[in-house]
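Just so you know, these numbers come straight off a predicted model, no measurement behind them.
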Amino acid sequence: WVWSGINTRIIFFEDRNFKGHSYEWTSDCSDMAPFLARCHSCRVESGCWMVYDRPNFMGNQYFVRRGEYADYMSMWGMSEWVKSCRLIPMHRGPYRTRIYGRENFMGQMMEIMDDCDSVTERYHWSSGFMSCHVLDGHWLLYEMPHYKGRMWYFQPGEYRNFREMVGTGSMRFMSMRRILDCWY
């Protein structure tokens, strides 16, 4: 697959340190099991990707960009190996999302156009946000301030209820950043 004239490629290896059987993807893969028995390291040759510890782009998510990841299980504290991956499309233009203090676009609303390391500090909210509408760009949202904790990838669209997405109680996000500079 060529995205705007740029070849995208990620290579996964069964063992740590780029050893064992390998398989290469140039676009999304919802289930790596038919191709690899397990996956403990990867090399991103181009593009930005989200990798998931469950099939069908579910479970814990990790952002990877061009580089080598010799043992990401211990690097990220994963208990399972990568089982699916998604290419993050290139975005040129503005970044814009609306965040809401409560589910279903209720409560206080703020429009964000740049990275925000702490919603509670910047906007004086007592807690994070529970729904959002991504208007432009691709974003990573974090459960804790200063880009810490678990992260989730959001592309343009409406996200009314984070709890349904992540399968936990009252899920709130506390920080967010734009996905920039993915294409070399």
Partners passing side-chain hydrogen bond (donor to acceptor under 3.5 Å, both in side chains) against Arg102 (at least two apart in sequence or in another chain): none
Pairing residues for Thr120 by the side-chain hydrogen bond (donor to acceptor under 3.5 Å, both in side chains) criterion, not counting sequence neighbours: Ser118
ring-ring contact (aromatic ring centres under 6.0 Å, His included) against His133, all qualifying residues, sequence neighbours excluded: none
Those residues that, when tested against Phe154, pass ring-ring contact (aromatic ring centres under 6.0 Å, His included) (two or more places apart): Tyr159, Phe162, Phe173
Members sharing Met106's hydrophobic cluster (side chains within less than 4.5 Å): none
Side chain to side chain contact (heavy atoms under 4.5 Å, CB included), paired with Met50, selected from Trp152, Tyr62, Tyr153: Tyr153
List for me each residue that meets side chain to side chain contact (heavy atoms under 4.5 Å, CB included) alongside [X], sequence neighbours excluded, and say none if there are none.
X	answer
Met110	Ile99, Gln108, Tyr123, Trp125
Ala33	Asp31
Ser127	Arg172

Salt bridge (charged side-chain N to carboxylate O under 4.0 Å, His left out) against Arg54, all qualifying residues, sequence neighbours excluded: none
Listed partners of Arg38 passing salt bridge (charged side-chain N to carboxylate O under 4.0 Å, His left out), at least two apart: Asp15
Of all pairs that satisfy salt bridge (charged side-chain N to carboxylate O under 4.0 Å, His left out), the ones with a partner from residues 134-146, not counting sequence neighbours: Arg96-Asp136, Glu143-Arg150
Within residues 14-37 or reaching into it, pairs that qualify as ring-ring contact (aromatic ring centres under 6.0 Å, His included) - sequence neighbours excluded: Phe12-Trp25, Phe13-Phe18, Tyr23-Trp25, Tyr23-Phe35, Trp25-Phe35
